[in-house]
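Structure, as structure tokens:
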Amino acid sequence: QVQLVESGGGLVQPGGSLRLSCAASGFTFADFCMSWVRQAPGKGLEWVSDINVGGSTTFYSESVNGRFTISRDNAKNTLHLQMNSLKPEDTAVYYCVKPYWRATYYPPGYWGQGTQVTVSS
């Protein structure tokens with residue numbers, strides 16, 4: 001029943017911006033912390049950002065800190081990732097992640113199909 005559908009990816013030039021969205025269903029969205037992870041070509045999964053249940057606490061990897069902003073709208077069951085000042089190194093498939101248990105960020109429980117972000121001239 002759990003479903004996570006990412007959208008908003010695409011091709012953008014270096015320095016540009018994209019806003020990713022994740023539509024969640026099949027669970028009580030407001031009871032779970034959420035995360036974004038990404039996978040670059042030929043690389044393993046890389047953690048990007050976390051957000052707590054209420055959206056008041058966020059965490060970012062060093063590589064995206066200051067450029068990306070995670071947010072959520074519990075009334076709409078949606079998670080977002082605003083991506084600014086994009087670099088070629090940000091090219092990856094981005095996934096939103098629901099942890100298996102409430103009140104934790106891990107272990108991961110579910111993720112969506114991902115959305116491709118390509119940063120290139």
Side-chain angles (χ1 to χ4, degrees):
Q1 293 183 232
V2 173
Q3 188 173 30
L4 301 168
V5 181
E6 298 94 339
S7 62
L11 175 64
V12 65
Q13 294 184 339
S17 298
L18 285 173
R19 183 174 174 83
L20 306 184
S21 297
C22 173
S25 61
F27 65 100
T28 305
F29 180 74
D31 286 348
F32 286 83
C33 303
M34 296 291 292
S35 301
W36 286 97
V37 301
R38 66 186 182 184
Q39 186 169 32
K43 304 291 183 64
L45 288 171
E46 177 189 9
W47 169 76
V48 174
S49 184
D50 293 328
I51 189 167
N52 73 337
V53 170
S56 61
T57 302
T58 59
F59 302 94
Y60 301 92
S61 68
E62 290 186 11
S63 62
V64 309
N65 189 46
R67 300 186 298 119
F68 291 10
T69 302
I70 189 172
S71 62
R72 66 191 298 160
D73 187 339
N74 287 343
K76 297 181 178 180
N77 288 358
T78 56
L79 179 73
H80 301 282
L81 185 68
Q82 179 66 46
M83 309 165 67
N84 298 328
S85 301
L86 283 163
K87 304 175 181 180
E89 302 84 76
D90 296 318
T91 296
V93 178
Y94 285 71
Y95 302 91
C96 64
V97 179
K98 168 196 171 296
Y100 193 82
W101 303 105
R102 292 177 172 84
T104 65
Y105 293 102
Y106 58 86
Y110 301 89
W111 56 92
Q113 84 290 344
T115 186
Q116 176 71 52
V117 172
T118 302
V119 185
S120 176
S121 298

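Owing to the predicted nature of the structure, the values given are computational and were not obtained by experimental measurement.
Within the 4.5 Å cutoff, the side chain of Val93 has no heavy atoms near those of the Glu6 side chain. Using a 4.5 Å cut-off on side-chain heavy atoms (C-beta onward), Ser35 and Ser49 make no contact. Considering only heavy atoms from C-beta on, Tyr106 stays 4.5 Å or farther from Pro99 through its side chain.
Of the N and O atoms on the side chains of Ser120 and Thr118, not one donor lies less than 3.5 Å from an acceptor on the other residue. No side-chain N or O of Ser71 forms a donor-acceptor pair with one of His80 less than 3.5 Å apart. Using modelled atom types, one finds a donor on one side chain and an acceptor on the other under 3.5 Å when comparing Asn52 with Ser56. No side-chain donor from either of Thr78 and Asp73 sits under 3.5 Å from a side-chain acceptor of the other.
Across Leu79 and Cys96, no two heavy atoms sit closer than the pair CD2-CB, 3.8 Å. The two atoms that bring Phe29 and Arg72 nearest to each other are O-NH2, 2.8 Å, heavy atoms only. Annotation for Thr91 and Pro41: closest pair O-CD, 4.0 Å, computed over non-hydrogen atoms. Closest non-hydrogen pair, Gly9 versus Leu20, comes out as N-CD2, 3.6 Å. When all heavy atoms of Leu18 and Val117 are compared, the pair lying nearest together is CD1-CG1, 3.9 Å. Looking at every heavy atom in both residues, Val53 comes nearest to Cys33 through CG2-N, 3.8 Å.
Under the 3.5 Å distance criterion, the side-chain polar atoms of Arg67 are matched with a main-chain donor or acceptor of Ser85. Not one N or O on the side chain of Thr28 forms a donor-acceptor pair closer than 3.5 Å with the backbone of Ala30. A donor-acceptor pair under 3.5 Å links the side-chain atoms of Tyr60 to the main chain of Ile70, judged by distance alone.
Other residues, nucleotides and ligands contribute only 12 or fewer heavy atoms inside 6.0 Å of the CH2 atom of Trp111.
Remark: Lys98 NZ to Gln3 CD distance equals 13.5 Å, nearest 0.5 Å. Interatomic distance, Met34 CE to Leu81 CG, rounded to the nearest 0.5 Å: 12.0 Å. Atoms CG and CZ, on Asn84 and Phe68 in that order, are 8.5 Å from each other to the nearest 0.5 Å. Rounding to the nearest 0.5 Å places CE of Met83 at 11.0 Å from OG1 of Thr69.
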Run the side chain to side chain contact (heavy atoms under 4.5 Å, CB included) test on Ser63 and Glu89 for me, step by step, so that the C-alpha distance in whole Å, both residues' side-chain angles and the decisive distance to 0.1 Å come before the verdict.
CA-CA 9 Å; Ser63 62; Glu89 302 84 76; over 6 Å; no
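Both Leu45 and Val97 are part of a single hydrophobic cluster, where members link through side-chain heavy atoms under 4.5 Å apart. Connection of Trp47 to Tyr105 is established within a shared hydrophobic cluster, with ILVMFWY side chains joined at heavy-atom distances below 4.5 Å, either directly or through further cluster members.
Between Phe32 and Phe27, the ring center distance clears the sub-6.0 Å criterion.
With Trp36 as the partner, the side-chain contact (heavy atoms from CB on, under 4.5 Å) test is satisfied by one option alone out of Asp50, Val48, Ile51: Val48.
Figure legend: cation-pi geometry between Arg38 and Tyr95 absent, as NZ or CZ is not positioned both under 6.0 Å from the six-membered ring centre and within 45° of its axis.
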